[in-house]
Structures are given as C-alpha cells and as structure tokens.
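Chain letters run A, B, ... following the sequence lines, proteins first and then strands; every chain starts at 1. Computed from a prediction, not measured in an experiment: that's the story for all the values here. No hydrogens, no waters, no symmetry mates; every other heavy atom, side chains included, goes into these values.
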Number of protein chains: 2
Amino acid sequence: MKISMAEIARQCGVSKATVSRALADDPRVKPETKEYIKEVAKRFNYEPHPIASNLARGRTKTIGVVFPAAPRTIADPFFLEYLNGVSSILFEHGYSMLLPQVSWGEGDSTMSQLLAPGRVDGVVLTEPRVDDGRIAFLQKNNMPFVFLGQTNVPGVAWVDGDNEGGAYLAVQELYRLGHRRIAMITGERGLIAAQNRLRGYRRALTELGLPVNQDLIWAGDFTREGGYHTVRNHLQGGAKFPATAIFASNDLMAIGAIQALHEVGLQVPEDVSVIGFDGIEVGRYLSPPLTTVQQPINELGREVAAVLLEQLEKGRRKGVRQATLPVQLVNVGNTAAPPKFS
Amino acid sequence: MKISMAEIARQCGVSKATVSRALADDPRVKPETKEYIKEVAKRFNYEPHPIASNLARGRTKTIGVVFPAAPRTIADPFFLEYLNGVSSILFEHGYSMLLPQVSWGEGDSTMSQLLAPGRVDGVVLTEPRVDDGRIAFLQKNNMPFVFLGQTNVPGVAWVDGDNEGGAYLAVQELYRLGHRRIAMITGERGLIAAQNRLRGYRRALTELGLPVNQDLIWAGDFTREGGYHTVRNHLQGGAKFPATAIFASNDLMAIGAIQALHEVGLQVPEDVSVIGFDGIEVGRYLSPPLTTVQQPINELGREVAAVLLEQLEKGRRKGVRQATLPVQLVNVGNTAAPPKFS
DNA sequence: ACAAAAAATGCAACCGGTTACACCCCGCCG
DNA sequence: CGGCGGGGTGTAACCGGTTGCATTTTTTGT
C-alpha cells in the first residue's frame with residue numbers, strides 16, 4: 001500500500017492539515033516547518049492521492065474531449081491534429097484528457113454517465129449542429145464547455161476557422177482560373193460548419209455573377225467515402241462530367257473525389273480542378289499536394305483549450321470568448337484552368 | 001449541486017448502506033426495498049458519484065493509454081487507428097481512457113505522477129524498447145499493463161503484428177519483381193519493432209542469396225520527416241540512386257520517401273518501388289495507394305485492451321498472454337519491376 | 001512586562017460513497 | 001417456551017485528502 005498523508009503527519013509530528021498545507025505551499029505554514037515536511041515527504045517518496053484530493057475539492061483536473069459523431073471517427077485526421085493542439089495546452093496546465101464513450105443522439109443520457117457527476121472539470125466539443133442539444137444539457141448541468149466551431153446559440157464559447165471566408169476564397173480562385181461550372185460537395189446538412197462553407201460558396205458565386213445551380217451542390221458527410229460516392233454518382237451513365245472544378249467542404253472528401261475521378265481516367269488538375277478545406281497533413285502527402293483552404297488546425301485546438309481553461313481558472317466568467325481564426329489558400333499550384341481554356 | 005446518496009437514503013427512510021447495496025444489486029437487500037430505492041433514485045435522477053465510489057473501493061475504471069514518444073506524436077496515424085480499437089473495447093466494458101502527460105526518458109518519475117497513486121487501474125503502452133525501463137517501474141508499482149509490441153523481457157503481456165514475417169514478405173515481393181538492390185529505412189534503433197522488421201529484411205535477403213549491404217540500411221525514426229530526409233540524403237550529389245526499391249519500416253516513412261523521390265523527378269513505382277509497413281488508412285489515399293504490409297491495426301488495439309481487461313477482471317493472472325497477429329501484403333499492384341527489366 | 005495582534009498549527013467536519021460488523025426481528029425446532 | 005439461525009438493515013469506520021474555524025504560540029506595541 002502507498003503511504004498516506006496521515007502517516008507523513010505522524011512522522012513529522014504535525015497534523016494532516018499542516019502537511020496538506022505545506023505540500024500546497026500555503027503561506028500560512030512556517031517556512032521551516034514547510035521545508036521539513038517536504039523533506040520528509042520526499043524521503044518517503046510520498047505523493048498525494050489525486051482521487052482523494054479531487055474528491056475533497058470537487059474537481060478532477062481532467063477535461064472531457066468529445067469527438068465527432070459517426071460516420072466520422074476518432075481517427076479522423078482533422079480531429080487528430082486538433083486533438084494534438086488541445087492536448088498540448090491542457091498538459092501544460094496539468095490537465096489530462098478523458099475521451100468518453102459518447103454516442104448520443106441529442107446529447108443527453110449517454111453523455112451524463114461519463115461527464116456529469118464529477119469526472120471532468122470541463123468539456124470541449126466539436127462540430128456544433130444547429131440548435132445543438134448538447135448545449136442545453138451542459139448548461140443545465142453547469143458544466144463549462146467550449147466548442148470547436150461556431151454555434152448558433154448565443155452566449156456559448158467557441159473557436160472556429162473562417163469557414164465562409166475560406167469557401168469564398170476557394171471559389172474565387174477557381175473562378176480566376178477560368179472555371180464557371182464549379183461544383184460543391186457539402187458536409188452533413190445539420191452541421192454549422194457545413195452550412196457556413198456552403199454560404200461562402202453561394203456568396204462567391206453570386207458576387208461573381210454566376211448562377212447557383214442546385215445540381216452542382218452535392219451532398220457529402222465529411223468522410224472520404226462520402227466524397228468518393230457523391231462523385232461516382234455524378235459520373236454515372238456516361239454523361240459528360242457536369243463540372244470543371246470541385247470545391248469539397250473538407251480535405252477527406254476532396255481526396256475521395258480525386259480517387260473517384262482517377263478511377264474513370266480523369267486527371268486532377270488537368271481535367272478537373274479540386275480544392276479541399278482544412279489543410280490536414282495527409283493532403284500534403286498526395287502528389288501533387290492537395291490544394292486546400294488551410295485552417296490553423298493545431299492552433300484551433302490550442303485556442304479551444306485555452307478558452308476553456310480561462311473559464312475554469314477564472315471562475316465563473318465575465319463574458320464568453322468567441323474567436324474566429326483566419327484561413328488561407330495553400331498549394332494553389334495544383335489547380336488549373338478548365339480543359340477548354342488550355 | 002448534485003443530489004447525494006445520503007439524500008436518497010433520507011427520502012427512502014433507509015440508510016446509505018442500504019441504498020448503496022440496492023443500487024449495486026446486492027442480494028442481501030429485500031427485493032421490494034431494492035425496487036423502491038431504485039425507483040426513487042430514478043425519480044431524483046440520481047447517479048452515484050464515480051470519484052467517491054472509486055476512492056472507496058480503490059479503483060478507477062480508467063485505463064491509462066501511453067502514446068509514442070517524440071518525435072512521434074499523439075496524432076500519429078498508426079497510433080490513432082490503434083487507439084480506436086483500444087477505446088472500443090474499453091468502452092464496451094465501461095472503462096474510460098486517460099491520455100496522460102508523460103514525457104519520460106526512461107519511465108520513472110514523470111510517469112508516476114499521473115499513473116501511480118490511483119488514477120488508473122491499468123496501463124497500455126506502445127513501442128517497447130530493449131530492456132524498457134517502464135516495465136520495471138510498472139511491475140514495482142504492481143500496476144497491470146500490456147504492451148502493443150513484443151517485449152524482450154519475459155513474463156510481460158503483449159500483442160504485436162508479425163514484424164519479422166511482414167518485412168520478410170515485403171522483401172520477397174520486391175525480389176520477385178526483379179529487384180536486387182533493395183534499401184531499407186529502419187525505425188528508431190532502440191525499438192524492438194524496428195529491430196524485428198530489420199531482422200526480417202536481413203533474413204529475407206540472406207535466404208534469397210543477396211548480400212546484406214550496410215549502405216542500403218538507412219536510419220529512420222518512424223516519422224514522415226525521417227523517411228523524407230534519409231532519402232534526400234541518399235539522393236545527394238547527383239550520384240545514381242543506389243537502390244531500385246525501398247522497404248520502409250512504416251508507412252509514414254514510405255510516404256516521406258516517396259515525396260523525396262518525387263521531388264527529384266523519380267516516379268514510383270516506375271523508377272523506384274516502395275513498400276511500407278502498417279497499412280494506415282492514409283496510405284490508401286495516395287494515388288496509387290501505397291503498397292504496404294497491412295497490420296490489423298484496429299484489431300491490435302482491441303486485443304491489447306482485451307488482454308488488459310482479462311488481467312484486471314480475473315485478478316492476478318495465471319500466466320501472461322502474448323499474441324502475434326498475422327500481417328499481409330496489400331496493394332501489391334503499386335510496385336513494379338526495376339527499370340532495367342522493364 | 002503585559003495586552004493585543006499576528007502567525008502557526010490543530011481539530012474535526014466534509015467530499016460521497018463502500019463495507020465489516022453489529023443488531024433486530026421472526027420463524028422454527030426441541 | 002426459550003434459543004437458534006438467518007434474512008434484512010443500520011452503524012460507523014474508512015478511502016485520503018481539504019479547509020473553516022478554534023486554539024495555541026509568537027511577535028509587536030507601549
């Protein structure tokens with residue numbers, strides 16, 4: 001059995017209280033006493049039991065990290081780079097991460113089992129939906145939380161990339177190259193990020209004087225398979241491919257789209273240009289690297305964690321932080337003018 | 001504040017003890033009482049506080065998952081797919097995962113802070129090294145653990161893919177295609193997996209009657225950057241590239257190698273064939289998909305978790321489980337005969 | 001030198017459960 | 001009719017810390 005605080009107290013001839021304070025560097029204990037207690041603790045190789053400590057002070061020094069819902073997985077590249085950023089900040093501040101088993105429909109019971117009664121001090125979530133049910137749940141339980149992604153519920157902390165602006169950039173670039181039939185692969189309809197990217201696409205087309213053609217807005221789900229299948233479907237029947245360029249709402253779908261195009265012998269970017277969104281590392285592994293709207297993914301994670309910790313450490317907050325980080329188009333060399341122009 | 005067990009007890013007119021037993025389905029509680037208590041608990045939406053519960057019974061229902069050391073990161077694709085498998089099994093059994101902040105040199109003090117005194121019931125680790133210092137540490141602290149990766153210390157539970165056999169397969173395939181100058185990019189020297197893959201490479205060459213040429217064994221570190229740089233180095237000086245094929249110890253390095261080759265205008269597989277190891281999902285996103293030795297990554301994770309839970313639930317085990325899972329070569333279409341043969 | 005203020009420490013309750021053991025009540029047996 | 005046995009429940013200690021408040025010790029002021 002590990003040695004306990006009571007034991008240390010006995011060894012030092014003081015009370016548990018003093019030991020506790022000494023180890024917490026409480027200024028109320030006399031420096032020499034403190035010194036001595038620490039010395040003894042070190043000799044006995046004593047370390048306070050975190051569970052007991054957490055129980056006593058009602059906190060856990062643990063943050064719950066909720067990952068994207070199916071069909072996306074915890075192994076989603078975007079999520080992982082983001083997680084990397086989150087973890088680096090949390091760890092710097094002595095927090096651990098708990099990846100809970102949550103498979104909620106609307107964020108209720110399943111979540112409560114793991115997050116509610118004292119397992120975590122706060123939660124970071126991804127992919128807010130319109131009127132996300134999890135928000136009400138967390139607020140009701142008075143649990144601090146931050147979203148990766150803008151929410152449509154006011155008073156909620158979030159950090160996001162500039163989705164609309166990024167989509168706008170992408171479409172503009174394709175237009176500049178001469179494309180006029182620009183398809184878009186959307187994300188899952190309910191996700192706010194998907195909607196904002198779609199809005200950027202629409203706005204760009206409109207401002208450029210192009211019609212917004214519903215037949216060029218294809219439904220995706222942010223997975224590679226989704227991108228692949230939606231493009232396959234539009235390649236059916238031997239008809240001419242209806243677009244000269246595709247803007248995919250994220251890189252995974254862009255990758256899937258490219259695979260589908262390759263399978264029918266279409267070259268990227270010679271025959272069809274493709275631009276993705278996110279700037280996941282994997283995109284750089286392709287040859288040529290994927291043209292994409294680069295989000296500062298790692299930075300987003302760090303910022304999310306920072307905002308949450310701010311809430312936690314400064315107690316009940318004085319206003320909720322919301323931040324939009326800039327995005328930029330990268331690897332623009334890997335798109336081209338449409339065939340008829342070349 | 002959440003409602004407590006004492007409160008429920010008062011409401012029911014019984015003692016905390018009875019409530020505790022009723023909720024735990026203790027047979028000593030009269031069925032009707034049990035029924036009633038459960039009913040009341042439900043009405044009050046009561047759920048026992050896990051931290052308190054854990055403190056009282058000295059366990060946590062949490063597993064520590066240690067991730068690879070620098071230069072690899074928590075966002076390493078292999079690790080994440082593996083983590084996915086681990087998590088699915090753990091969650092099925094009601095366990096959570098704790099990703100601790102560990103940056104140990106040889107697995108000592110840093111680790112103890114997060115794992116030792118009662119935060120986790122068990123630990124899963126990756127990437128055992130030769131005479132891994134963490135083993136002694138965990139054993140000393142009487143902490144159940146399982147490694148992903150064969151260890152050289154007897155009596156330790158582990159699960160691994162067939163590293164040597166996989167490497168052997170890869171080299172054999174390259175030989176079959178006509179390659180005779182087959183380079184290998186190794187993993188970090190101290191890692192047992194790296195050594196076993198190197199052994200498979202050596203054994204294959206020897207059995208095929210080829211010399212083992214030290215100049216064709218290039219040092220890598222299991223990162224993409226490592227693969228990239230080692231190949232760049234061997235492309236220096238305008239000399240002819242010394243190999244017609246590369247076997248990289250993992251996929252990330254294979255991807256890095258391919259990038260380096262592309263940068264000097266060499267085509268894969270026309271000019272140089274490349275085979276990786278692991279079969280991470282990202283490899284399938286390349287065009288053409290990466291030829292690689294596919295490990296059952298997800299399954300490895302599941303198995304690791306299962307072995308650990310077995311240790312935990314069946315108390316002190318009567319013999320430690322060790323398992324080697326089979327691997328197979330995939331996407332073999334994306335390697336080719338060496339140029340002079342074509 | 002003595003009282004008052006300040007500093008240091010101890011006491012004991014508390015966090016929210018679990019569990020060994022004591023206890024009570026009742027039916028059954030001799 | 002008294003005692004035994006066992007099911008059902010309560011008591012209280014315990015897990016290992018934290019912390020408000022009381023108490024003791026030391027310092028400071030006059």
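Rounded to an integer number of Å, the gap from A:Lys30 NZ to D:dT27 C1' is 12 Å. The CZ atom of B:Arg28 sits 12 Å away from the P atom of C:dC21 (whole-angstrom rounding). Between the CD1 atom of A:Ile8 and the P atom of D:dT18 there is a distance of 13 Å, given to the nearest Å. The NZ atom of B:Lys34 sits 14 Å away from the P atom of D:dG7 (whole-angstrom rounding). Taking atom NE2 of A:His49 as the reference point, atom P of C:dC15 lies 19 Å away to the nearest angstrom. Between the CZ atom of B:Arg59 and the P atom of C:dG17 there is a distance of 14 Å, given to the nearest Å. A:Ile51 has its CD1 atom 23 Å from the P atom of C:dC14, to the nearest Å. Remark: P of D:dC15 and CD of A:Glu7 are 12 Å apart, rounded to the nearest angstrom.
Among the protein residues, A:Val14 comes within range of the sugar-phosphate backbone only, with heavy atoms under 4.0 Å from sugar or phosphate atoms but none that close to a base.
B:Ser15 has no side-chain polar atom (N or O) that falls below the 4.0 Å cut-off from OP1 or OP2 of D:dT11. At least one side-chain nitrogen or oxygen of B:Ser20 sits closer than 4.0 Å to the OP1 or OP2 atom of C:dT18. One finds no side-chain N or O of A:Thr18 lying less than 4.0 angstrom from the OP1 or OP2 phosphate oxygen of C:dA8. Phosphate contact (OP1/OP2 of D:dT18, side-chain N/O of A:Arg57, threshold under 4.0 Å): present. Note on A:Ser53: every side-chain N or O is 4.0 Å or more away from OP1 and OP2 of D:dG17. Phosphate contact (OP1/OP2 of C:dG17, side-chain N/O of B:Tyr46, threshold under 4.0 Å): present.
When only modelled atom types and interatomic distance are considered, A:Arg72 and A:Thr223 share no side-chain donor-acceptor pair under 3.5 Å.
Using a cut-off of 4.0 Å between Lys/Arg side-chain N and Asp/Glu carboxylate O, B:Lys42 and B:Glu39 are scored as not salt-bridged. Residues A:Lys34 and A:Asp25 are paired through a salt bridge, judged by an N-O separation under 4.0 Å between the basic side chain and the carboxylate.
A:Lys16 contributes a side-chain N or O that forms a donor-acceptor pair with the base of D:dG17 under 3.5 Å. For D:dG8, its base never sits under 3.5 Å from the side chain of B:Arg21 at any donor and acceptor pair.
Nearest-nucleotide assignment on DNA chain D puts the 5′-proximal partner with B:Ala17, out of B:Ala52 and B:Ala17. Comparing B:Pro27 and A:Met5 by the nucleotide of DNA chain D that holds the closest heavy atom to each, the one mapping nearer the 5' end is B:Pro27.
The shortest non-hydrogen separation linking A:Gln322 to A:Ala157 is CG-CA, 4.4 Å.
Taking the six-membered ring where the residue is Trp, B:Phe79 and B:Tyr82 present tilted rings, their angle falling between 30° and 60°.
Closest approach to the B:Ala56 side chain among D:dG16, D:dT9, D:dC15 is made by D:dC15 (side chain taken as heavy atoms from C-beta onward). Ranking D:dG10, D:dC15, C:dC15 by closeness to the A:Leu55 side chain, first place goes to C:dC15.
The shortest side-chain heavy-atom distance between A:Gln311 and A:Val146 falls under the 4.5 Å cut-off.
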